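Below is one structure, written out as structure tokens, with a few remarks after it.
Values below: all heavy atoms of this structure, side chains included; hydrogens, waters and symmetry mates excluded. Every number for a ligand or one of its atoms is a count from 1 in the order of the listing. None of the values given here were measured: they were computed from a predicted structure.
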Amino acid sequence: MSRYYLNLECGALFSAPRSRVLQLQSSLTPCLHINLWTLFLATNMATAGKVIKCKAAVAWEPNKPVVIEEIEVAPPQANEVRIKIVATSVCHSDLYHLFESMHKDGFPTVLGHEGAGIVESVGPGVTEFQPGDKVIPLFLSQCKECHLCKNPRTNQCEVAWTRINQAIMAGVESRFTCKGKRVLQFMGTSTFSEYTVINQTAVAKIDPAAPLDKVCLLGCGICTGYGAAVNTAKVESGSTCAVFGLGAVGLAAVMGCKAAGAKRIIAVDVNPDKFENAKVFGATDFVNPKDHDKPIHEVLTKMTSGGVDYSLECVGNVQVMRSALESSAQGWGVSVIVGWTDLHDIVIRPVHLISGRTWKGSMFGGFKSKDGVSKMVKDYLDKKLKVDEFISHNMTLDQANDAIELMKNCKCIRAVMSVSPP
Ligand SMILES: NC(=O)c1ccc[n+]([C@@H]2O[C@H](COP(=O)([O-])OP(=O)(O)OC[C@H]3O[C@@H](n4cnc5c(N)ncnc54)[C@H](O)[C@@H]3O)[C@@H](O)[C@H]2O)c1
Ligand SMILES: [Zn+2]
Ligand SMILES: [Zn+2]
């Protein structure tokens, strides 16, 4: 019992393994009528309004391993929600910040934007959430009040452009400190931490039945790829599609093309190990650019007698973006840029557009983020959407560097890290 109260006082009950929590619960005398839910609320009361000290993977510098540190997480301020992160995974955008853009002003930071958790406490003015709600953090906000949110033609939100400093891929504000230094919140989310604080416009409430160690993937990669096919490209039934890059984003794009009724889905990747995965999500043809001495758009144009109806670039490479555009059919082809890079310009010939192709970009799959994520979680629970099939590795936050290396070396689809027990 004394250890139980000690844990409550230091706010560390949630970092105890589930077995220990259950053991603690069963050791309480029945007359106290305390169940796990009461424990949860009691713990919240013990931590609400206080600084929480917890574990996080801090990226101190670009191109260096992250370090598991104890950080301080301040209480949520007006319109903010403090969330206990249960599970998170690594997306290529985390790698882009750490190894590719390496913007020195973007450090120290806590990476992670594909996670799921439970609300611990809320700040003044928050009415939509309460402690105990299951939620998914969003790197793209949906305030529901700005002119963009009110327009059905876009998923952009004015708040997103003031909340996040795009140059350094971090929230303008941060509630994190470590060793006396302010630590940035990558994409305003920072899910590689046991606790995080996020503006309520960038949090989606989800079905309480959702398994957080699975639906965390709906915080970025799956919604991004799937939505790019169904919302942005608006793939039509009976069409031919090509998806470039078969990470989680590209595989989800394949799944979206299949759901939209595409008859032929050509999966393109320089790593042939990815083709078996692509088959699971509905790919019908497989092309490795390394097997051909001709430019890949010529290969696809020949395979399809004129080009594909829809092409989706899910790599983040400007040469591949051009190839994807040129692979789409003259006259009506639609090509969508999904991969992220801000390092280079793209060179194309005007004739590729003048001759009738349409070129689009897609952020978070075109989903209005709060509405889209809640609906995608429901579709997963209703067995209309694959999610488990994207998980190739299960790890813990302590293994964050191993998970990052797996992604970097193209050895995983998604490595889900358990952060705090639910
Ligand atoms: N637009 C958005 O909102 C958004 C959201 C999430 C991720 N992204 C971006 O989407 C991209 C994919 O993310 P991911 O997590 O799936 O990455 P990933 O690293 O898991 O997958 C990338 C895949 O591309 C393949 N590839 C590399 N070079 C290639 C080439 N020349 N031709 C064909 N395939 C090639 C790799 O072998 C790998 O399978 C990244 O750029 C990421 O930053 C964008
Ligand atoms: Zn991402
Ligand atoms: Zn808005």
Side-chain angles (χ1 to χ4, degrees), residues 88-97 99-101 111-115 137-151 154-163 169 186-187 189 191 199 201-202 216-228 232 242-254 267-275 277-278 287-290 296 312-324 327 336-343 360-370 390 392 404 406-415:
T88 187
S89 54
V90 187
C91 165
H92 197 105
S93 305
D94 300 302
L95 299 194
Y96 173 82
H97 186 70
F99 301 116
E100 295 166 38
S101 89
L111 297 169
H113 61 286
E114 203 173 74
L138 304 167
F139 69 88
L140 177 64
S141 55
Q142 185 189 355
C143 77
K144 302 197 176 183
E145 282 168 12
C146 73
H147 78 288
L148 296 167
C149 279
K150 284 183 177 161
N151 192 324
T154 181
N155 67 343
Q156 296 295 300
C157 167
E158 272 177 13
V159 174
W161 299 99
T162 51
R163 203 176 71 85
M169 296 179 91
F186 179 72
M187 303 297 278
T189 51
T191 56
N199 189 286
T201 57
C216 59
L217 298 187
L218 296 172
C220 182
I222 298 180
C223 289
T224 295
Y226 188 85
T232 312
V243 176
F244 291 72
L246 303 172
V249 174
L251 293 174
V254 170
V268 184
D269 203 297
V270 289
N271 178 357
D273 294 348
K274 300 291 180 99
F275 295 150
N277 300 322
V287 175
N288 181 352
K290 289 184 177 166
I296 200 64
L312 297 113
E313 196 277 354
C314 303
V315 178
N317 173 319
V318 293
Q319 269 90 41
V320 182
M321 291 171 189
R322 178 177 176 159
S323 298
S327 303
V336 180
I337 295 176
V338 188
W340 180 267
T341 181
D342 198 22
L343 299 175
K360 294 177 157 189
S362 183
M363 183 182 280
F364 200 54
F367 282 112
K368 286 201 184 274
S369 57
K370 269 185 200 241
F390 287 87
S392 55
I404 289 169
L406 281 172
M407 266 305 268
K408 197 176 168 191
N409 298 321
C410 243
K411 296 282 182 221
C412 67
I413 306 178
R414 280 298 194 249

**Message:** Counting only heavy atoms not in K290 (residues, nucleotides, ligands), do more than 12 fall under 6.0 Å from its NZ?
**Reply:** no

Candidates G250, A278, C314, A252; heavy atom nearest atom 22 (C) of ligand 1 found on C314

When you measure from the side chain of Y226 to the backbone of L251, do you find a donor-acceptor pair of N or O atoms at a distance under 3.5 Å? no

Any heavy atom of S362 under 4.0 Å from ligand 1? The part involved is backbone

Under 4.0 Å from one or more heavy atoms of M407, ligand 1 contributes atoms 15 (O), 20 (O)

- Message: Regarding C149, does it place an N, O or S atom less than 2.8 Å from the Zn ion (ligand 3)?
- Response: yes

Short version for F244: what comes under 4.0 Å of ligand 1, heavy atoms counted, is neither

Looking only at non-hydrogen atoms, the one of N155, T224, L95 nearest atom 2 (C) of ligand 1 is T224

**Message:** What verdict does the side chain to side chain donor-acceptor pair (under 3.5 Å) test give for H147 and Q156, after you've listed the backbone C-alpha separation in whole Å, the side-chain angles of each residue and the deciding distance to 0.1 Å?
**Reply:** CA-CA 10 Å; H147 78 288; Q156 296 295 300; over 6 Å; no

With heavy atoms and a 4.0 Å threshold, my read on which part of H92 contacts ligand 1 is both

The option among N271, L406, D269 carrying the non-hydrogen atom nearest to atom 36 (C) of ligand 1 is D269

Practice item. Indicate yes or no: does E114 engage R414 in a salt bridge with an N to O separation below 4.0 Å. Key: yes

Is ligand 1 less than 4.0 angstrom away from at least one heavy atom of R414? yes

